[in-house]
**Q** 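Starting off with a structure, shown below.
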Amino acid sequence: MSDVIASANELVKVYGEGPTAVRALDGIDVDLVRGELTAVMGPSGSGKSTFMHCLAGLDRPTSGSVVVDGAEVSRWSERRLTQLRRTRVGFVFQSYNLVPTLTALENITLPLDIARRPVDRSHLDLVVRTLGLADRLDHKPSELSGGQQQRVACARALIGRPAVVFADEPTGNLDSASSAEVLGFLRRSVDELGQSVVMVTHDPTSAGYAHRVLFLADGRLIGELRDPTPATVLEQLGAAGR
Amino acid sequence: MNRVAVRAIQAHLVRFCLSVLAVALGVAFVAGTFALRTMLGSTFADIIATTTLGDAYVRGADEAGGAAGPGAGTHNRVPLSLVDDIEKVDGVAAALPDLQGPVVLVGADGTAVQSTQAPSFAFGFDRRDRAVHLVAGHAPRGPDEVVVESTSLAASGLSLGDDTTLVVGGELRPVRVVGEAEIGAALAGATVVFVDRATAEAAFAPDGTAVSIAVNADPGVTEQQLVDRLAPVLRADSTPGAPAVAITGDQMRAEATESVEEVLGFVTTFLLVFAGVSLFVGAFIIANTFAMWVRQRTRELALLRAVGASPLQVFGSIVLQAALVGVVGAVLGVAGGLGLVVLLRQVLASFGMDLAGQVPIDAFTVVVSVLLGTCVSVAAAAIPARRAALVPPVDALRDEVTLPERSLVRRALVGAALLVAGAAAIARAMVAPEADGADRWLGLGACAVVLGVLGVAPVVARTVLTVIGTPLVAVRPVGRLARGNVVRNPRRTANTAGALMIGMALVGASAVIAATAQASTRAIVTREASTDFILRVAPAGTVPAQAVADVRALPDVRAADAFATAAVRVEQGDGDSFTVTGVDPAAIGRSVRTTEVQGSFRDALARGDVAVQRTTARDEGWHVGDALTLTGTGEPRTARIGAVIDSPAFGVPLVAPQALLDALVPADQQQVTTVFVTAVRGTDLEGLRHALTTTVQPYVVITVMDPEQFVSDLAEQVDRVLVILYALLGLSVVIAVLGIVNTLALSVIERTREIGLLRAVGLGRVQLGATITVESVLTAVFGTAVGLVVGVALASTLPTVFADKGLRTLAVPWGSLLVMLALAVVVGVLAAVWPAIRAARLPVLSRCPRNEAPTSVGSGHAPHGEHCAMSDTGYGDFEFERRFWVERPPTELLESAPALIVQSYLLAQDGFAVRVRAQASAVAGPIDPADDELALLEKHVRAVDFCAITVKGPMVEGTRYEAERELDPAVAVELIRRADARVAKLRHSVWLGTDGWVIDVFAGGNAPLVVAEVERGGPVTDLLIPDFCVTEVTTDARFANDGLAHAPYGTWASTFASELVATGPRFLTGLGHNHRTGDVPPVV
């Protein structure tokens, strides 16, 4: 088992063709470490979301390669990518994470139902307890607060014991208290459950929860920071802005 | 995954109810057809089982022609002389010749006893006949006595001992009813009379032959033994030309059942075609429903893909939903279909047509119906399901997901190709209508054209609807909005209209065919008939020979030419049976004028030759001079073809001189439906009509008509068929109308926000309803117009292709077509009723977006209901409020723990404002009125629990643009600290009547101002204004919070007080009636 959970090599993503083409990613080389919470930061249009989509197999790079958990996924067929999403990757999105007609519990176990895998009761209990969702399991998403919804989304991402969880602005729609809950949980899942998490954010406070922050601008990796605090992140962003 | 599918259906049942209904209606038609078939089958099987009770039957050995009409045999007849020989055979209990024929029984009211179109028979009575049980009276003892079957007796109104008239063997006979008999089966309306054996023999077997002889065995003799014993006797007795064989009773019954099943098979196929059209139309509804469903759930589907669902699983989940819709619809449909048949049976029973048995519900009907409903539903949903499966998972990450509209080019190209191919096939059929398979080319071409039109419909829709809608654009804004809505999604509009199009194409084609048939009939009669009067009998009847003789005897009648028909087998060719008309050669040229293709028709008949119809001659390869071997019931005869004619009036392949037909088939077995009567020149026609009517009156069933009446009579028959066709097509039109309702209702759901915006900018409920109605009418008119054009165009080719069949004169019933177009408008209005009401009831602003709106879930749960309007699209960003200046706050209404609001305006100019607000919802401790805004904020900063930034537009008549986004309190407080133009107030919420009010008690620079504010989801009209409100300040910019921030009330309070004294209180007048509580008189 290598200690690299995901890596990008010469990653390039171009949208459109000809004069209107946009190079969203312009050659990114990076290794993400297993068992760490990695934050990806950058201004709007820096390519941080595209970077994550390519890493997660949601989008296909124009050139370069992506290796997730030892497998080069950038050349995979749609069928194998579906398998990847079922078994090795978990997602938390900024919004619309939950199927409105299913209860919280049904949403959490949805990936297992889809993959027709049995539910590991003890793991489910652990996840639900850790996220403080025990008394909310029978509620529909519309009966949950925004923070609770995101916690359900986190539980869903973790239930299948994926190799890596990708979170795209997971606190983008939350107030500071709910954000703290969700981020605290993501960090604990790394520290206590040994999970690997990659998170895209634009918020220095959120990035402060990470082990490592990658800074992107104009589709390139322009810097990184280990064991950040909101202040050091702001400082780095300020430096990048100049 | 399946749970997601099922749960989604449960949560949105209403959306699918019309799809379910569409399946249910189509399947009901199918199940009803099957059940009807089974019921009719069992009725006739009962009749066969209870009437065909012989253990063996003796009948002719050769297949032959014979009588046309009921009771006709398929084999040569057997001599009655066999009866005695058969009865001598050991083991034979009785030999009963089948002596039956058409009769007319005159009922108590002097008219013929006949229910619906069912025939009347007489049988020779024999006590030994196992099928007949005498229940009252005695057997007929002579020619003037009859026994009547129980149901027929009840229908006739006669009783035992009554005297009446029977038309039998072509003559009138006074008879007395002497008995009542039962046959153990429902007779499906047939009238049955028993006469004595001698009468029956004289009337139905004048040549001493019968169709068959039933043989009853002695006890202990099996059917096969009986047949074996009969065989040598029959061989020995064999008469030349009338060979006889014996078959078992089981075989006879099996043959009878088979021929009934064959007829029922035709009926079933005919009905299933219409059921198929209904299901096809229903499929459009389902396809549209699922297409819209997938569009609205794109994000959810993408999410499922992102968490590991494969495209196949997504496809499967949609297909599962479709299957659910199909199964539920089909089960309802089966129930409905059976109900329909129960109803039909009762209706028929009330007309005197008894049908046997319970309504059959068999596994076949249920399984086939449910499978069919499910398959149709799944097939219809397959394309939307495929689209759903192809939703990329990355779409779950996007805020606004819109599936790209697929290009219409491919569909249009396929449609155009089909259209061209169809037109080519039709052209081929029209160019060579005589060629083999011309009708098949026409059918294929018509199908291709209809499918092709469906294909190009979306492309055509844009243009056609733009044109049709042009006059409506004058009706602003309704017309333009409605036209825009139907044109904006041409695929959906075309699919919705397509369902109606199919139904209307068939309706249009039927109307044209009917009109053409009527016009052709008129043309034929005018061209070919040169007669003064026509005698007609009801279908299944025959004009008695005696009646014809009586008419000929009238002094003013120059000639009465009867046209008798019978089936005759022709050896040449495939040995097929042909219908032959026998006519007096003198009639040609006297009462009929016929186009002669080759040879002289009259001369040919006079020579004893036959005349052949041009089409028959062509199909069979016969020419003038060929000899034909004709076989009727007796010996074969040879006749030469003397002429080829082209006569739709005769409408039969062969015309023979009457003498020849009589030689082939006994006169009593010929059917005479029409007699042409020519008057002596110069006769008073009205007088003759009277004389004719009097002459045929005793025969009850004969009608005297002049050619004009004859034509209308035939036209009426066509109309009756047309009514049946309309009724059968009606269901598919009803389903198509449901499709319009469905599409409109679903698009109302889809456009909830857009409709809210339109209402917010002032579109009234009535205008909204009118817009939807106009959309509906445009769709309905489009579908109907295209359908009628297609139907009329296709039907117009028929006179060219089917000229042979007598359809020669094209007639387009423009009046009826216009009526249908007008009906389309009515249909459109009706279809819009429910969706329009639904749309009008939508709240103007869905401030808390519906659960199903894609952006709603997960967009953050806001703790304060009034802040739900943080919508992402901007449609909901309006507020409706009115504000009033309060002199004395109603202390009894004020809360003990109001909310403290401190806000700062970053920009406030010309009514545009950007505001940052911090709110502490339950303020701890007393508030010092001396504190300024910032001091208040700092004192309560720990209690701040909600912050937001708000962008506002100018207030117009109590309506103002307002977009709000929640902020993190830490950030918001810092912003307020750094900005100026601050306002602080204590907000009390109170509920007064039906409205929520807030009473703001201002602090700091704005003390002692108190403003009462009411806010609603829509314009604040017809407001009940509490009496603590002194004057309205809604439109007074100074009282707007941004105004107060820059010019605090404290600095101009005295100015305002003097203004108020000078002008008095004011209230807005443009917002309906203002009602006041308390003693203050109403102020308009």
Side-chain angles (χ1 to χ4, degrees), chain A residues 49-50 52-53 56-59 78-79 81-87 89-91 93-103 106-107 109-117 140-150 153 156-157 160 166 168-169 172-179 203 205, chain B residues 1-12 297-314 317 389-390 392-399 401 848-863 870 872 945-947 965-971:
Chain A
S49 286
T50 308
M52 199 198 79
H53 296 168
L58 289 173
D59 210 347
E78 187 55 41
R79 196 174 58 79
L81 285 176
T82 299
Q83 282 300 324
L84 174 83
R85 289 196 283 272
R86 279 186 191 174
T87 53
V89 174
F91 290 100
F93 304 129
Q94 178 174 2
S95 63
Y96 206 78
N97 263 304
L98 307 180
V99 177
T101 51
L102 298 182
T103 64
E106 288 164 348
N107 264 295
T109 58
L110 182 62
L112 300 180
D113 292 342
I114 286 174
R116 302 206 180 81
R117 279 156 62 195
K140 291 276 174 68
S142 55
E143 299 159 349
L144 300 173
S145 73
Q148 287 166 341
Q149 289 183 22
Q150 284 309 74
R156 188 196 59 212
F166 290 99
D168 187 8
E169 303 269 12
N173 278 328
L174 300 182
D175 58 37
S176 47
S178 302
S179 295
D203 172 24
T205 315
Chain B
M1 194 64 196
N2 292 347
R3 182 159 53 200
V4 178
V6 175
R7 209 58 78 73
I9 288 256
Q10 282 174 348
H12 306 287
R297 283 176 66 230
T298 304
R299 253 190 124 177
E300 185 179 324
L301 297 168
L303 174 66
L304 290 173
R305 292 273 286 114
V307 300
S310 65
L312 199 63
Q313 278 177 314
V314 172
S317 80
L390 297 180
V394 74
D395 273 353
L397 302 165
R398 303 215 168 104
D399 277 341
V401 183
C848 292
R850 296 168 67 102
N851 194 14
E852 55 233 331
T855 47
S856 65
V857 176
S859 65
H861 175 84
M870 290 186 294
D872 319 292
D945 53 6
F946 171 75
C947 294
R965 167 81 158 80
E966 192 173 346
L967 294 180
D968 196 277
V971 176

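In the text below, chain A, chain B and the rest are named by the order of the sequence lines, each starting its count at 1. If you're wondering where the values come from, they're calculated on a predicted model, not measured in any experiment.
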**Q** Where do B:Val307 and A:Arg85 land on the side chain to side chain contact (heavy atoms under 4.5 Å, CB included) test, with the steps shown first?
**A** CA-CA 6 Å; B:Val307 300; A:Arg85 289 196 283 272; over 6 Å; no
**Q** So which of A:Gln148, A:Gln83, A:Arg156, A:Glu169 has the largest heavy-atom pair count under 4.5 angstrom toward chain B?
**A**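 Highest number of heavy-atom pairs under 4.5 Å: A:Arg156.
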**Q** What distance separates B:Arg305 CZ from A:Leu81 CG, expressed to the nearest 0.5 Å?
**A** 9.0 Å
**Q** I would like to know whether A:Leu110 and B:Leu303 meet side chain to side chain contact (heavy atoms under 4.5 Å, CB included); could you show each step before the answer?
**A** CA-CA 11 Å; A:Leu110 182 62; B:Leu303 174 66; 5.7 Å; no
**Q** Against chain B, label A:Thr50 side chain, backbone, both or neither, depending on which of its atoms sit under 4.5 Å from a heavy atom there.
**A**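 Neither; nothing under 4.5 Å.
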**Q** To the nearest 0.5 Å, how far apart are CG in A:Leu98 and CD in B:Glu300?
**A** 10.5 Å
